[in-house]
S.K.: 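Provided herewith is a single structure, encoded as structure tokens, for subsequent inquiry.
Reminder, nothing fancy here: chain letters follow the sequence lines and each chain counts from 1.
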There are 2 protein chains.
Amino acid sequence: MMITELKAFVLLAETGSVQAVAERLPLTQPAVTRQLQRLESLLDVSLLDRRAKPARLTSAGQAVLREARKVLAAVDELKRAASTNAQPQGTLRLGVVHALADAQLADGLEALGARYPGLGLQLASGWTNELLPRIDQGELDAAVVFMAGTAGGVPHAPGRLLATEEIVFLAARKTALGRHPTLLELNQIGWVLTPDGLCGSRSALRAAVESAGAPLHIAAEVHDVGLQLSLAERGLGVALLPRQRAMALRRPQLRRIAPPGLRLAMQVSLVQAPHLGALQQAVDWLAQRLAGQDRQP
Amino acid sequence: MMITELKAFVLLAETGSVQAVAERLPLTQPAVTRQLQRLESLLDVSLLDRRAKPARLTSAGQAVLREARKVLAAVDELKRAASTNAQPQGTLRLGVVHALADAQLADGLEALGARYPGLGLQLASGWTNELLPRIDQGELDAAVVFMAGTAGGVPHAPGRLLATEEIVFLAARKTALGRHPTLLELNQIGWVLTPDGLCGSRSALRAAVESAGAPLHIAAEVHDVGLQLSLAERGLGVALLPRQRAMALRRPQLRRIAPPGLRLAMQVSLVQAPHLGALQQAVDWLAQRLAGQDRQP
DNA sequence: GTACGTTACGGCGTACGTAAGAATA
DNA sequence: TATTCTTACGTACGCCGTAACGTAC
């Protein structure tokens, strides 16, 4: 109630004629008359001075006209804010898996802030299996996660696939290994893994090792990637790292190893809550950027 | 359409429960649910994340919530402006008869401006018979006018009676007149009248003189009251003036005369257009002040 | 007289309440 | 299981269009 009446009233003030209002709504004259009457009865004020035939606005009508324009402007503003094309406002709550929370991501987020100045950003890093429930809980709007597995069959991650990346094995050059070490040889050295490595790489690795006839030998479980690499450099284990990240390293004491029979890969994907509204385009923009750079150095 | 839905939505955001909204509107739960659905469909946005049972607002919902509050605030503002109790805004277009457009009125108008700071004032002076049509034409909101006639029967003026005032006769002391001159004696000197004296005093005077057996002898017709008095002082005619105004004069050369058989009077009244809305209280205030002072010096 | 706006009447759409169903906590 | 929200159905209210009327220019 009331907004349509206000529109009619403002139009009347602008055109000066009920007829003209009726044509532009479009409606019949009686309908417009009744809308105006309805508005007067809702507000309990005489808005029109009907002593003359092209009725004039009363002084109360003048005052109401000003306020009516404000109301309609506010309604337009609301519709604009509701439309998916609107400039995103508010805060985008973004989750990122630990392993990708690096400088490259920071660049992307900075660019996001530049692209959408009105948008606040709230970042949360966590493991894939932590982030996904938080999206379901409505705590996050979107998250960059990954799933890992054998190169042939990575468990398909939910959301949009941003990139597929190989996971490489890194071992110390000084370690006594042949040119093409087998998986079991590497397993004897032991693996340096991330603790809650529930993104799939650990299980794929375990499956491969066990099918080769040995139990998975975990040499170390640490969060910090720098520590993982240091351990590997010291020959205390074999570390796993996404290919791009490994190539960006300046760790000459490490060598990359490709054991026969096992190629691990991971899929980076962007998961989002449904119904993001205007935030959707920001998420889309981020997805495109992250996919576009394809995490190439 | 839409405002009731926005109310429901804002209430939902505040209470967090459809149930609570339903109780406070008051409505049944299904009705509230449908209002929310309707709003979503009107805006073509998902406002609620229904994955959880006490449904949460989506990010789009957050944005819409902000704008919805603005809309409702604007609507409240409109209702306030429409209410008769609202602070008068805009311009009060006031007409005043020439004869009352004096310093005393200026005081009243100044006080009006002080009482209603938001109110603009547009003053028009004119004759009663000019002002009344302008009210009908919607050019004026109110006017202070008067009607004159014999003391017994002043033609009743439209609008509110503010004051009844006697009209006195002023003649030069030096004029050869008895202690109680008759109407015909005064008529022989002649009358100093205002030209468009259509407010009644002239016709009452003419009727009285002619019934006494002589034609109305007009010595001068001038607008300016000062000139009228100067002419009277010089013995060139008899001037007519409201009693209060005459008593405020410092014209020792003039004497006040009360001819037997004719007492003229005038009624000051305030006429207004219908449907003034919030301006009404300003008019009421002015009427009360003008009547309250009763034009006593 | 003509144009413009207002009432009168019939039809349709829409919003509500009641009651049953789905889904979450 | 209990609470909360959503869907289904019938009813009533409200708004519009057509037509007749009243009124200012």
S.K.: Would you say the side-chain atoms of A:Glu5 pair up with the backbone N or O of A:Met2, donor to acceptor, closer than 3.5 Å?
M.R.: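 Side chain of A:Glu5 to backbone of A:Met2: a pair is present.
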S.K.: What protein N or O atoms touch nucleotides 3-10 of chain D N or O atoms at under 3.5 angstrom, if any, and at what distances?
M.R.:
{"from": "D:dC5", "atom 1": "OP1", "to": "B:Val18", "atom 2": "N", "distance (Å)": "2.9"}
{"from": "D:dC5", "atom 1": "OP2", "to": "B:Gln19", "atom 2": "N", "distance (Å)": "3.1"}
{"from": "D:dT6", "atom 1": "OP1", "to": "B:Arg50", "atom 2": "NE", "distance (Å)": "2.4"}
{"from": "D:dT6", "atom 1": "OP2", "to": "B:Thr33", "atom 2": "OG1", "distance (Å)": "2.9"}
{"from": "D:dT7", "atom 1": "OP2", "to": "B:Gln37", "atom 2": "NE2", "distance (Å)": "2.6"}
{"from": "D:dA8", "atom 1": "N6", "to": "B:Arg34", "atom 2": "NH1", "distance (Å)": "3.2"}

S.K.: Find the distance A:Met2:CE to D:dG14:P and express it as a whole number of Å.
M.R.: 17 Å
S.K.: Using atom types as modelled and distance alone, determine if a side-chain donor or acceptor of B:Thr128 lies under 3.5 Å from a backbone N or O of B:Phe146.
M.R.: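 Present.
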S.K.: Output the rounded distance in Å from CD (B:Gln137) to C1' (D:dA24).
M.R.: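 Those two atoms, CD and C1', are 11 Å apart.
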S.K.: Heavy-atom distance under 4.5 Å between the side chains of A:Thr58 and B:Leu276, does that happen here?
M.R.: no
S.K.: To the nearest 0.5 Å, how far apart are OG1 in A:Thr194 and CZ in A:Arg202?
M.R.: 8.0 Å
S.K.: Could you check whether any side-chain N or O of A:Thr15 sits under 3.5 Å from a backbone N or O of A:Ser17, counting only pairs where one atom can act as donor and the other as acceptor?
M.R.: yes
S.K.: Expressed in angstrom and rounded to an integer, what is the separation of B:Arg51 atom CZ from C:dA25 atom P?
M.R.: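 Rounded to whole Å, this separation is 11 Å.
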S.K.: Keeping the roles fixed (side chain from B:Arg93, backbone from B:Gly138), state whether a donor-acceptor pair exists under 3.5 Å.
M.R.: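 Side chain of B:Arg93 to backbone of B:Gly138: a pair is present.
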S.K.: Side chain of B:Glu40, backbone of B:Leu48: donor and acceptor closer than 3.5 Å?
M.R.: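 Yes, the answer is positive, given that a donor and an acceptor are paired below the 3.5 Å cut-off.
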S.K.: Hey, which of these two, A:Leu27 or A:Arg56, hits DNA chain D nearer its 5' end, going by closest nucleotide?
M.R.: A:Leu27
S.K.: In whole angstrom, what separates A:Leu57's CG from C:dG5's P?
M.R.: 13 Å
S.K.: Round to the nearest Å and state the distance from B:Asp49 atom CG to C:dA23 atom P.
M.R.: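 Between P of C:dA23 and CG of B:Asp49: 16 Å.
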S.K.: Starting from the first five and the last five pairs of the helix from C:dG1-D:dC25 to C:dA25-D:dT1, work out the angle between the resulting helix axes, to 10 degrees.
M.R.: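 Rounded to the nearest 10 degrees, the bend comes out at 40°.
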S.K.: Closer than 3.5 angstrom, by distance alone: can the side chain of A:Gln281 be matched with the main-chain N or O of A:Thr84 as a donor-acceptor pair?
M.R.: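 Yes; judged by distance alone, with no hydrogens or angles, the pair exists.
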